[in-house]
Amino acid sequence: MVGIGPHDGDRTLTPKRQTTDPNQTARLEMVRYQIAARGIQDKRVLDAMAKVPRERFIPERFQEQAFADRALPIAEGQTISQPFMVASMTAQLQIQPHHRILEIGTGSGYQTTILSRLAREVVTIERIGSLQKKAREMLATLNVSNVTFQVGDGTAGWVEHAPYDGIIVTAGAPTIPDPLVEQLTDGGVLVLPVGGEKEQVLILVTRKRNKIVRKKLFPCRFVKLIGQHGWQ
Ligand code: SAM
């Protein structure tokens, strides 16, 4: 923000409020040009995307691309999703402040942190122990305290914490895992990529009483969801 008034003349313009966060401008531009410009208007989602420090979840060698419009590699051959995909899937969940959300595929923990700002509680499952450990440590440094972590196969959900108002799967499944649908609240939604090993379609599943409605959203590409109700 630049301060200029009627008596400023040709003085050098200085920011009204100095920010101590050197990445804030890059994050705001990411939100404006990659997310809001593509139709995502949910203010709480945009605000979370603007505030969570994406750069902290990106490996050192990809720092220059931290806000690029693409997924990036993390450890163990996995990826941190494209910012638009994170925002889009989050918006589909229509999270309310009292909601409990289940995430399958913690990965770097970036999506988890976005969810943690919107929901009362987030439960997240990752099959690779080293990724879960790193994500857990990062969320602790960011003072995130409403997330429960689990290492294991998330395709079966986590019955002990069910039901969930929203479930997000951040890896590509061959079919919709039945246990996840069963663990939704009445009115709950599940968003996940479903399809082949290389390309999928993002699907929104809504549970209303015992009626299940499936809606195709758009094509996408995710790493494989590996497990009992996923890829073998
Ligand atoms: N949301 C993550 C982020 O913000 O960094 C990106 C997740 S990455 C695209 C997909 C993750 O799903 C990988 O970390 C992978 O190990 C994990 N995954 C694959 N199959 C899984 C399963 N059955 N249960 C839990 N996690 C699984």
Side-chain angles (χ1 to χ4, degrees), residues 27 30 35 45 48-49 51-59 62 65-93 95 101-119 122-139 142 144 147-159 161 164 166-180 183 190-195 197-200 202 220-232:
R27 278 202 304 278
M30 173 189 88
I35 300 172
V45 174
M49 296 290 300
K51 291 203 173 123
V52 172
R54 181 173 169 88
E55 66 279 6
R56 302 274 298 269
F57 298 85
I58 306 282
F62 294 111
Q65 299 178 64
F67 307 101
D69 189 16
R70 53 167 296 206
L72 291 169
I74 53 172
E76 306 287 353
Q78 303 303 317
T79 53
I80 174 172
S81 304
Q82 175 197 23
F84 172 72
M85 187 59 70
V86 173
S88 207
M89 292 176 83
T90 306
Q92 290 295 336
L93 293 174
I95 301 173
I101 304 295
L102 172 66
E103 178 193 38
I104 314 299
T106 315
S108 70
Y110 174 65
Q111 171 82 72
T112 321
T113 308
I114 298 284
L115 298 170
S116 77
R117 296 185 71 99
L118 304 172
V122 179
V123 173
T124 184
I125 310 177
E126 170 56 55
R127 53 175 286 279
I128 301 175
S130 59
L131 290 181
Q132 189 260 16
K133 181 170 179 285
K134 209 170 164 207
R136 184 195 281 255
E137 287 167 0
M138 177 54 74
L139 268 67
L142 296 174
V144 175
V147 175
T148 305
F149 294 86
Q150 171 81 325
V151 176
D153 175 9
T155 63
W158 195 355
V159 179
H161 291 263
Y164 305 97
I167 302 180
I168 175 170
V169 182
T170 63
T175 55
I176 299 171
D178 287 337
L180 299 185
Q183 288 172 37
L190 160 66
V191 64
L192 80 169
V194 179
E197 295 191 20
K198 298 240 159 67
E199 285 182 20
Q200 307 89 28
L202 199 64
C220 55
R221 279 185 190 185
F222 277 83
V223 295
K224 285 198 284 184
L225 181 74
I226 297 169
Q228 191 189 352
H229 303 275
W231 296 97
Q232 300 306 306

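For ligands, and for the atoms within them, numbers begin at 1 and follow the listed sequence. The model shown is predicted, which means the values in this text are computed figures rather than measured ones.
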Contact atoms of ligand 1, heavy-atom distance to G152 under 4.0 Å:
24 (N), 25 (C)
Considering only non-hydrogen protein atoms, determine which one is nearest to atom 3 (C) of ligand 1 and report residue, atom name and distance to 0.1 Å.
S108 OG, 3.4 Å
Looking just at side-chain N and O atoms, do E76 and S130 make a donor-acceptor pair shorter than 3.5 Å?
yes
I'd like to check which ligand 1 atoms, numbered from 1 as shown, lie under 4.0 Å from a non-hydrogen atom of L131.
14 (O)
Suppose we measure from atom 26 (N) of ligand 1 to each protein heavy atom; which comes out shortest, and what is that distance?
R127 N, 3.3 Å
For atom 20 (N) of ligand 1, what is the closest protein heavy atom, and at what distance to 0.1 Å?
I226 N, 3.0 Å
Give me the atom names and distance for the closest heavy-atom approach of F84 to I35.
CA-CG1, 4.2 Å
Can you give me the closest heavy-atom contact between L93 and G166, atom names plus distance?
CD2-CA, 4.1 Å
Tell me the protein heavy atom at minimum distance from atom 9 (C) of ligand 1, and give that distance in Å.
T170 O, 3.2 Å
Closest to atom 2 (C) of ligand 1 among protein heavy atoms sits T106 O, 3.5 Å
When you measure from atom 8 (S) of ligand 1 to every protein heavy atom, which one gives the shortest distance, and what is it?
T79 O, 3.1 Å
Does L192 reach the side chain of F222, with side-chain heavy atoms less than 4.5 Å apart?
no
So the atoms of ligand 1 within less than 4.0 Å of a heavy atom of I104 turn out to be 24 (N), 25 (C)
Quick check on side chain to side chain contact (heavy atoms under 4.5 Å, CB included): which of L115, V147, I104 does T124 satisfy it with?
V147
Does I80 approach ligand 1 within less than 4.0 angstrom via side chain, backbone, both or neither, non-hydrogen atoms only?
both
Nearest non-hydrogen protein atom to atom 12 (O) of ligand 1, with distance, is G105 CA, 3.3 Å
The protein heavy atom nearest to atom 19 (C) of ligand 1 is K224 O, 3.4 Å
S81 N/O under 3.5 Å from ligand 1 N/O
no
Among A71, G77, G154, which one puts a heavy atom closest to atom 24 (N) of ligand 1?
G154
Please determine if R54 forms a cation-pi arrangement with Y110, meaning its NZ or CZ atom is less than 6.0 Å from the six-membered ring centre and no more than 45° off the ring axis.
yes
What is the minimum heavy-atom distance between A171 and P193, and which atoms define it?
O-CD, 3.4 Å
So do the side chains of S81 and Q111 get within less than 4.5 Å of each other, counting heavy atoms only?
no
Atom 13 (C) of ligand 1: which of Q78, Q228, R221 has the nearest heavy atom?
Q78
With no hydrogens and no angle check, is any side-chain donor or acceptor of Q183 less than 3.5 Å from a backbone partner on A156?
yes
By side-chain contact (heavy atoms from CB on, under 4.5 Å) - contacts of R136 (at least two apart):
Q132, F149
